[in-house]
Every structure is written in C-alpha cells, then in structure tokens.
Amino acid sequence: MRTQVVIVGGGPSGLLLGQLLHRKGIETIILERKTRDYVLGRIRAGILETGLVDMMREAGVSDRMDKECFIHHGTCISYENEMFDINFQELIGQNVIVYGQTEVTRDLYDARDACGGRTLFEVEDVEIRDAETDSPHVTFTIDGSAKRIDCDFVAGCDGFHGVSRKTIPDTVRKDYEKVFPFGWLGVLSETPPVHDELVYANSARGFALCSMRNEHLSRYYVQCDLDDDVFEWSDDRFWDELKRRLPESVADKLVTGPSIEKSIAPLRSFVCEPMRWGRLFLCGDAAHIVPPTGAKGLNTAASDVHYLFEGLVQYYQDNDTNGIDRYSERALARIWKAERFSWATTNMLHRFPDQSEFDLKMQRAEIESLHYNETAQKWFAQNYVGLPY
Ligand code: RFL
Ligand code: PHB
C-alpha cells in the first residue's frame with residue numbers, strides 16, 4: 001500500500017488532521033488500535049476553544065456542533081462558600097463552547113466515512129520505520145497478516161501510550177514531566193446540570209468540578225487519591241463528597257441520579273521535545289499532556305493539527321518546507337503556555353498532601369487576587385478561551 005500521509009491513531013487529532021488534508025486533496029490512511037465503538041465510548045473533554053471550533057468548520061464537520069453546542073460566556077470559581085464568575089465575554093469579548101469530545105469524534109468519523117477515507121481498525125504492532133529518510137514506511141498487523149504502507153510523512157496522533165513518540169531516539173528526545181499526587185474521579189449522569197456555567201471548586205476536602213454535556217447530561221469530578229479504586233466509590237459516596245466541596249447555594253440545587261459512567265484519571269503535565277523527527281510529526285497527547293483543570297488537552301491537540309496541516313499544505317501545494325521545518329518550534333511555543341496555565345490552575349484549586357499552612361495561605365491569596373483583580377481575570381480569560389494560533 002502507498003499513501004501520502006499515514007496517520008497513526010484515530011482519536012480526535014488524527015481524525016481532524018485526516019479530514020482537513022482530505023479537503024485539500026491530500027490522501028491519508030488512519031491506523032487505529034481499537035474499534036470505533038471503543039474510541040467513541042471514551043468520555044473525555046467537554047470544552048472547545050474558538051480555534052478548534054473554527055477548524056471543525058474548516059473541515060466541514062460543524063453542522064451538528066453549531067446546532068447542539070452551548071456557548072459559555074464565562075466560568076465560576078468557588079472557595080468554601082464564596083463564588084465568583086469570570087465573564088470572558090465582558091473581559092475580552094470571547095467565549096468557549098460545550099460540546100463533548102465524543103461528539104467531535106463521532107462527527108469526524110461520519111465525515112471520513114462520507115468521503116471514503118481509509119481507516120483501519122484493530123491494527124497491532126505498528127512500527128514507524130525510516131522516519132529520518134525521505135521514504136518512511138509503517139508496518140503493522142491486521143487480522144493476523146503483516147502489512148506495510150509506504151508514505152511521504154507519518155503523523156503520530158496515537159496519544160500518550162502510543163508508539164510514535166517512542167520512535168524518536170532517546171538521544172534526540174527530551175521528556176519533561178510532572179506527576180501530580182492525586183487523580184480525578186469523573187461521573188457522567190443523566191441529570192440537569194447544577195449551574196448554567198462550569199463551577200471549579202477549591203475546598204478543604206479537595207477540588208471539585210461541575211461540568212455538563214447538555215441540559216439533561218451532567219459531568220462532575222472530585223479530586224481523589226491516586227490509589228483509589230473506582231469500585232470504592234458508590235454513587236451515594238460520590239454525590240455526598242461532591243456536595244461537601246461545593247458552596248451551599250450550589251450544593252442545595254444539585255440533582256443526583258445514577259451514574260452512567262465513572263472513571264479515575266491521574267493528573268500529569270508532560271511535554272516531549274522536539275515534536276518532529278525527520279518525516280515523523282507528533283500531534284496531541286502523543287507529544288504532551290496537561291492536567292485537565294484548564295480544559296486544554298483536546299484544544300492543544302487541535303493547535304498542533306493546525307500547524308501541521310498548514311505545513312503539509314505548503315509542502316504539497318508550493319513545494320515549500322518552511323511550515324514543516326518550523327512545526328515543532330511553533331507548536332511547542334503555544335503548548336508551553338497551555339502547560340503553564342493548566343499547571344497554575346491545578347496548583348490554585350487542589351489540595352496537595354504536603355501543603356503547609358503557609359502554602360494554604362498563598363493559595364487562598366491567589367484565589368482572592370483572581371476574585372478581585374480584573375487584570376488577573378483577563379489573564380485567566382485569555383488563557384481559558386485559548387491563545388491565538
Ligand atoms: P487520544 O484521544 O488519546 O487518541 C489517540 C488514539 O490513538 C490510538 N492508539 C493507537 N493506534 C494505533 N497504534 C497504536 N500503537 C496506538 N496507540 C494508541 C488510541 O486508541 C486512540 O484512539 O489522543 P488525541 O487524538 O491526541 O486527543 C487528545 C485528547 O483526547 C485529550 O487531550 C483530551 O481528552 C484531554 N481532556 C480535555 N481536553 C480538553 O481540551 N478539554 C477538556 O475539558 C478535557 N477534559 C480530558 C478531559 C481528558 C481526560 N482524561 C480522561 C484523560 C477530562 C478527562 C477526564
Ligand atoms: C469536562 O466537561 O469533562 C471538563 C470540563 C472542564 C475541564 C475538564 C473537564 O477543565
């Protein structure tokens with residue numbers, strides 16, 4: 001087999017890149033380790049920045065999103081019984097939307113089917129070979145038989161546990177990592193959201209987040225211990241703990257119900273440099289991870305896709321390598337700022353096991369600065385809605 005770009009990973013970054021390239025007449029094959037249903041069953045991000053929304057439109061996959069999404073003009077932050085709103089619209093004239101990653105992925109798979117794009121599911125043993133030459137190829141196994149695809153470029157969109165990043169030799173690659181000493185326990189429930197904006201809560205019992213997917217579907221999180229087992233968290237225990245971390249005015253309005261999904265995710269900051277090795281380009285979680293507090297994971301994956309897409313189009317249309325040569329540098333410049341925002345919001349809102357009384361006072365002062373200082377709120381708003389590409 002031969003194609004122009006092999007995309008390893010059929011998550012949102014691989015699918016979005018494939019769709020944008022298809023619209024420019026550039027052929028791709030996507031290799032996905034799991035089944036489509038498995039990929040669509042993962043409950044993940046909920047907040048989309050304008051940059052990603054614009055790319056969905058450019059990729060021609062925005063009809064359902066434009067109809068069903070919810071525009072959020074701001075977000076709420078609480079600390080014990082205090083709560084305040086950061087109004088992005090008033091502060092900087094921008095907003096974000098709520099539209100689940102599951103729906104983004106579904107729309108992209110539907111579009112790929114409609115244009116006849118090739119996606120191979122349940123591929124195993126993917127190996128990226130000769131990436132440092134002008135003629136890379138990818139080998140893998142499917143249905144028990146070994147296959148090979150020759151290509152011009154490989155896009156490594158295979159998430160944090162994929163093979164692409166590990167293809168870059170240790171002598172070339174440098175990883176930067178911070179693992180946080182807690183996780184998030186997430187619950188999806190068919191209940192109306194407790195508030196019309198998201199509520200990020202700092203409390204003495206730990207962080208909590210009230211989010212949503214639509215007016216009948218809520219997504220809630222509480223900070224938990226890394227060694228907690230999801231089976232130790234009955235629905236009753238979860239709702240009780242969530243209520244205790246929210247201001248009374250919010251907790252009193254919480255509608256509870258059976259969970260339809262419950263999972264624990266560890267929190268980590270991670271960046272791999274460079275994001276390019278020869279003709280292999282890393283995109284999204286394959287190259288970097290943020291703790292979800294800033295809602296940046298999917299959105300940083302989208303900005304990588306933007307830079308890589310521009311570079312590949314420049315290469316194929318104008319025979320110009322400037323865009324792909326600058327890919328790593330441009331993507332990383334934006335990534336590190338999103339890393340900083342995600343790390344700072346995580347530090348501001350969580351309880352850490354080794355926090356001293358002094359640390360707690362500093363955290364409180366930081367939240368109060370955000371509460372009462374418009375310049376601090378503008379900085380938060382600019383970062384939350386997403387820095388320009
Ligand atoms: P994905 O989604 O992990 O997709 C990678 C795909 O590659 C496949 N794969 C392979 N395929 C072939 N061969 C191999 N060897 C392979 N190895 C892996 C995998 O099966 C998978 O299908 O990465 P991608 O596309 O870069 O997308 C990244 C986003 O999924 C991620 O950043 C976000 O979900 C993070 N995130 C959030 N991001 C936001 O922007 N806003 C949010 O509100 C937000 N909330 C969240 C989140 C992530 C969370 N968890 C569970 C980590 C909330 C949570 C709880
Ligand atoms: C979500 O809705 O899943 C969500 C929203 C905001 C975050 C993280 C997750 O910061």
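Numbering of ligands and ligand atoms starts at 1, following listing order.
- Among the atoms of R33, some N or O lies under 3.5 angstrom from an N or O of ligand 1.
- Between Y384 and F88, the ring center distance clears the sub-6.0 Å criterion.
- Residue-ligand proximity, P12 to ligand 1, at heavy-atom distances under 4.0 Å covers atoms 2 (O), 25 (O), 27 (O).
- Using a 4.0 Å cut-off between heavy atoms, N299 contacts ligand 1 through both its backbone and its side chain.
- Remark: ligand 1 atoms within the under-4.0 Å shell around heavy atoms of G46 are 42 (C), 43 (O).
- For atom 6 (C) of ligand 2, the closest heavy atom belonging to the protein is Y200 OH, 3.3 Å.
- Contact annotation: for Q101 versus ligand 1, heavy atoms closer than 4.0 Å belong to the side chain alone.
- Contact annotation for T293 and ligand 2: only backbone heavy atoms (N, CA, C, O) come within less than 4.0 Å of the ligand.
- The aromatic rings of H350 and F182 lie parallel to each other, with less than 30° between the two planes, well short of the 60° mark.
- By the criterion of a heavy-atom distance under 4.0 Å, neither the backbone nor the side chain of V98 is placed next to ligand 2.
- When each of W184, W233, Y200 is checked for a ring pair (Phe, Tyr, Trp, His ring centres under 6.0 Å) with Y221, only W184 meets the rule.
- Any N or O atom pair closer than 3.5 Å counts here, and R213 shares at least one such pair with ligand 2.
- Between Y221 and ligand 2, at least one N/O pair is under 3.5 Å apart.
- Here L298 has heavy atoms under 4.0 Å from ligand 1 in both its backbone and its side chain.
- C157 counts as a contact of ligand 1, since one of its heavy atoms falls under 4.0 Å from the ligand.
- Using a 4.0 Å cut-off between a side-chain N of Lys or Arg and a carboxylate O of Asp or Glu, R2 and D150 do not qualify as a salt bridge.
- Partner Y220 forms a ring pair (Phe, Tyr, Trp, His ring centres under 6.0 Å) with one of F238, W239, F207 and no other, that one being W239.
- Applying the 4.0 Å criterion to heavy atoms of G162 picks out, from ligand 1, the atoms 17 (N).
- Nearest residue to atom 24 (P) of ligand 1 from S13, G14, G284, G11 is S13 (criterion: closest heavy atom).
- From the protein, the heavy atom lying nearest to atom 21 (C) of ligand 1 is R42 NH2, 3.1 Å.
- Every atom of ligand 2 with a heavy atom of P292 under 4.0 Å away is listed here by number and element: 7 (C), 8 (C), 10 (O).
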